[in-house]
*Asks:* 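Take this structure, written in structure tokens, and hold onto it; I'll ask about it next.
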Amino acid sequence: VQILSYLGGVLKVEETDLKPRVGFLYSINSRNISVFINATREQDSGQYMCSVNVVDDTIRWDKNVGIINLTVLVPPAAPTCQLHGSAVVGANVTLSCSSKKGKPSPTYQWQREPPTFQVFFPPAQDRARGTLKLTNLSLEMSGVYVCRAENQAGSKNCSIVLEV
């Protein structure tokens, strides 16, 4: 789909959802035809192609075309924390954490808050799935557990209170 063109001295912005957010960064006379996209959205991700043709010039696709792939990163949405199982002494429970949005997919990190600060590692914690398995529960394992959903675009937390 063509988005933007400059032909015969006429600048044209096509009717797409990009229309109010796209344009040339510099005056065409500068010979720099960089393009801007404001207020990027996840659906703006994709392959963009720039084609430059000069009047009376031979069109050579290997020389006249530039291609760039755009990936719009999306920070994780606030995750949801849940407890699975019965929090009684000697039992096993799983804490889960999931975020409905995020590009790339978020990774998850569980930790126990002070006064008994604790960070968890595999196999108890699965960073891709957002789960934390707590086995052979004791009263001392009660506390606030925080999950952090994170990717290159940002992070969000949720927490859950475990009362054994």
*Asks:* Under the salt bridge (charged side-chain N to carboxylate O under 4.0 Å, His left out) test, which residues partner K12, sequence neighbours left out?
*Replies:*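 Listed in chain order: E14.
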*Asks:* Could you list all the disulfide bond (SG atoms under 2.5 Å apart) pairs where at least one residue sits in residues 100-164, not counting sequence neighbours?
*Replies:*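 Passing the test, one end in residues 100-164: C81-C158, C97-C147.
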*Asks:* Between N32 and S34, do the side chains contain an N or O donor and an N or O acceptor separated by less than 3.5 Å?
*Replies:*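 N32 vs S34: donor-acceptor pair found between side chains.
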*Asks:* Count the heavy atoms belonging to other residues, nucleotides or ligands that lie under 6.0 Å from NZ of K101, then report whether that count exceeds 12.
*Replies:* no
*Asks:* What pairs meet the side chain to side chain donor-acceptor pair (under 3.5 Å) rule with one or both residues in residues 135-144, with sequence neighbours excluded?
*Replies:*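 Matches after skipping sequence neighbours: S138-E140.
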*Asks:* Connecting only ILVMFWY residues whose side-chain heavy atoms lie within less than 4.5 Å of each other, what is the rest of Y108's hydrophobic cluster?
*Replies:*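 So far as hydrophobic clustering goes, Y108 is joined with none.
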*Asks:* Taking the hydrophobic residues Ile, Leu, Val, Met, Phe, Trp and Tyr, and joining any pair whose side-chain heavy atoms are under 4.5 Å apart, which ones share a cluster with F36?
*Replies:* L25, Y26
*Asks:* Sequence neighbours excluded, which residues qualify as salt bridge (charged side-chain N to carboxylate O under 4.0 Å, His left out) partners of R148?
*Replies:*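 With neighbours one apart ignored, the set is E150.
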*Asks:* Mind checking whether I67 and V65 have side chains closer than 4.5 Å, heavy atoms only?
*Replies:* yes
*Asks:* Which residues end up grouped with L134 if you chain together Ile, Leu, Val, Met, Phe, Trp and Tyr wherever their side-chain heavy atoms are less than 4.5 Å apart?
*Replies:*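 Besides L134, the hydrophobic cluster comprises L83, V89, V93, L95, W110, F120, L132, L137, L139, M141, Y145, I160, L162, V164, listed by chain and residue number.
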*Asks:* Going by the rule salt bridge (charged side-chain N to carboxylate O under 4.0 Å, His left out), which residues pair with K133 if we only count those two or more places apart in sequence or in a different chain?
*Replies:*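 Once residues adjacent in sequence are excluded, K133 has no partner under the salt bridge (charged side-chain N to carboxylate O under 4.0 Å, His left out) criterion.
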*Asks:* Tell me, please, which residues at least two apart from E163 pass salt bridge (charged side-chain N to carboxylate O under 4.0 Å, His left out).
*Replies:* none
*Asks:* Who passes side-chain hydrogen bond (donor to acceptor under 3.5 Å, both in side chains) against E113, sequence neighbours left out?
*Replies:*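 Testing E113 for side-chain hydrogen bond (donor to acceptor under 3.5 Å, both in side chains), a comparison that skips the adjacent residues, returns Q111.
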*Asks:* Apply the hydrophobic cluster definition, ILVMFWY joined by side-chain contacts under 4.5 Å directly or through others, and give me every member besides V1.
*Replies:*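 Other cluster members: none.
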*Asks:* Filter on side chain to side chain donor-acceptor pair (under 3.5 Å), then keep only pairs touching residues 118-132, sequence neighbours left out; what's left?
*Replies:*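 Counting only pairs at least two positions apart or across chains, the side chain to side chain donor-acceptor pair (under 3.5 Å) contacts touching residues 118-132 are T107-R127, Q109-R127, D126-R129.
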